[in-house]
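Computation of the quantities below employed the complete heavy-atom set of this structure, encompassing side-chain atoms and omitting hydrogens, waters and symmetry-equivalent molecules. Predicted model only: the values in this text are computed from it and were never measured.
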Amino acid sequence: PAQTPNPVIVASPVSDTPSYPPSYESLTVLGEKAASQAHQNKNSFLAAVNDPQGAFAGDTEFVSVLAVNGTLLADPAAATWIGEEIATYMDQNTVPYGQARHALARHGGGMLYENNYNNASSAGELLISEVRAEEDGLIITASRRMQTVIPMISEATIRSLSSVSETDADKTGVPYQQVVVPAEPKDPTGPGDTILGPDRNGISLFPAIYALASEGGGLLYGIEPDGTDITLFYVFPETDGQILVRWVSEPGREHKEEDL
């Protein structure tokens, strides 16, 4: 398929603080409650988060905590992962667990989509996570389970998605789209009416995009622009004041080698 042009997006006016849709207020409240307890006593806070019957554990929403080096310190449903640097493990689409969360926390926090590392199925499970800015060596995240599977993307598609050369990607016939955004927008939550604006869940990927780009780039989940399905994005490192972002089209099916 022909590739789409690379529109250059102009930044919108300054916004003091990011605003989340009302449907995620419970995540904000849960995260603030966790941060307040962490300030009082770090050790008792981590113990409380690790309690599967505690206030920070829930069937739908829960809190987890990373150290600044990416080590999992607390999660009410992941006893076997505690003490592990989770970004050294990858999901079915080679996305390192916790990498985007770690980058986002180091750059002020925000919301993003993640794969639930506690889900043992081959398809994983989508999480919507509100990541708080790193504070006192802790990265506190409040997440919501979406009961949504994540599509399998072939290795060839992922390699082409992150290929620097568009010619290499063209040879595979990978159906991807791309856009270029300014690396230093006036609004840290991202430009306004753009193809990468807030999705059907009201979530903008811009904070996570800027965070990943400033730390060398990487893979990220999100809703396909103008679509409804979860797909895979690749954020390139900042180059000449711009950030290239690509995403896989047709995320609902696996792209097998014979298809390509």
Subject >> Partner set under side-chain hydrogen bond (donor to acceptor under 3.5 Å, both in side chains) for Arg145, not counting sequence neighbours >> reply: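 Once residues adjacent in sequence are excluded, Arg145 has no partner under the side-chain hydrogen bond (donor to acceptor under 3.5 Å, both in side chains) criterion.
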**OP:** Using side-chain hydrogen bond (donor to acceptor under 3.5 Å, both in side chains) as the criterion, list what pairs up with Tyr234, not counting sequence neighbours.
**Re:**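 In terms of side-chain hydrogen bond (donor to acceptor under 3.5 Å, both in side chains), with neighbours along the sequence ignored, Tyr234 is linked to no residue.
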Same cluster or not: are [X] and [Y] linked, directly or through other Ile, Leu, Val, Met, Phe, Trp or Tyr residues, by side-chain heavy atoms under 4.5 angstrom apart?
| X | Y | result |
| --- | --- | --- |
| Leu127 | Met146 | no |
| Tyr97 | Val63 | no |
| Leu244 | Val179 | yes |
| Leu161 | Ile230 | yes |

Would you say [X]'s side chain and [Y]'s backbone share a donor-acceptor pair under 3.5 angstrom?
| X | Y | value |
| --- | --- | --- |
| Arg144 | Glu61 | no |
| Thr231 | Val248 | yes |
| His107 | Pro207 | no |
| Ser26 | Tyr24 | no |
| Asp91 | Gly124 | no |
| Asn116 | Leu126 | no |
| Ser36 | Lys33 | no |
| Asn201 | Ile203 | no |
| Gln92 | Ala123 | yes |
| Thr157 | Ile153 | no |

**OP:** Could you pull out all residues at least two apart from Phe62 that satisfy ring-ring contact (aromatic ring centres under 6.0 Å, His included)?
**Re:**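 Phe62: no ring-ring contact (aromatic ring centres under 6.0 Å, His included) contacts found.
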Minimum-distance pair of heavy atoms, taken over all atoms of [X] and [Y]:
| X | Y | result |
| --- | --- | --- |
| Ala38 | Phe45 | CB-CD2, 3.5 Å |
| Ala142 | Leu27 | CB-O, 3.4 Å |
| Val49 | Ala74 | CG1-CB, 3.5 Å |
| Ser64 | Arg101 | OG-NH1, 2.8 Å |
| Ala208 | Leu220 | CB-CD2, 4.0 Å |
| Ile86 | Leu66 | CD1-CD2, 3.7 Å |

Counting C-beta onward and ignoring hydrogens, is there a side-chain heavy-atom pair between [X] and [Y] closer than 4.5 Å?
| X | Y | answer |
| --- | --- | --- |
| Glu125 | Gln147 | yes |
| Met111 | Val131 | no |
| Ile223 | Tyr113 | yes |
| Lys42 | Leu138 | yes |
| Pro151 | Asp229 | no |
| Glu238 | Tyr210 | no |
| Asp136 | His39 | yes |
| Leu219 | Leu232 | yes |

**OP:** Tell me, please, which residues at least two apart from Glu134 pass salt bridge (charged side-chain N to carboxylate O under 4.0 Å, His left out).
**Re:**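 None.
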**OP:** Could you list the residues that satisfy salt bridge (charged side-chain N to carboxylate O under 4.0 Å, His left out) with Glu215, not counting sequence neighbours?
**Re:**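 With neighbours one apart ignored, the set is Arg106.
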**OP:** Show your reasoning for whether side chain to side chain contact (heavy atoms under 4.5 Å, CB included) applies to Ile158 and Asn93.
**Re:** CA-CA 8 Å; Ile158 296 171; Asn93 293 318; 4.1 Å; yes
**OP:** If a pair satisfies side-chain hydrogen bond (donor to acceptor under 3.5 Å, both in side chains) and one of its residues is in residues 72-85, list it, with sequence neighbours excluded.
**Re:**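 Every side-chain hydrogen bond (donor to acceptor under 3.5 Å, both in side chains) pair that includes a residue of residues 72-85, provided the two are not neighbours, is Asp75-Tyr117, Asp75-Asn118, Glu84-Tyr89.
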Distance from [X] atom [atom1] to [Y] atom [atom2], nearest 0.5 Å?
| X | Y | atom1 | atom2 | value |
| --- | --- | --- | --- | --- |
| Gln99 | Met90 | CD | CE | 10.0 Å |
| Trp247 | Leu196 | CH2 | CG | 5.0 Å |
| Leu46 | Leu73 | CG | CG | 5.5 Å |
| Thr141 | Arg132 | OG1 | CZ | 10.0 Å |

**OP:** Could you give me the CA-CA distance, side-chain angles and deciding distance for Arg200 and Thr228, then say whether side chain to side chain contact (heavy atoms under 4.5 Å, CB included) is met?
**Re:** CA-CA 7 Å; Arg200 65 183 178 87; Thr228 59; 3.8 Å; yes
**OP:** Please step through side-chain hydrogen bond (donor to acceptor under 3.5 Å, both in side chains) for the pair Ser162 and Arg246, ending with a clear verdict.
**Re:** CA-CA 8 Å; Ser162 58; Arg246 287 181 183 163; over 6 Å; no
Subject >> Leu104 vs Leu112, side chain to side chain contact (heavy atoms under 4.5 Å, CB included): CA-CA, chis, key distance, verdict >> reply: CA-CA 9 Å; Leu104 186 56; Leu112 80 164; 3.9 Å; yes
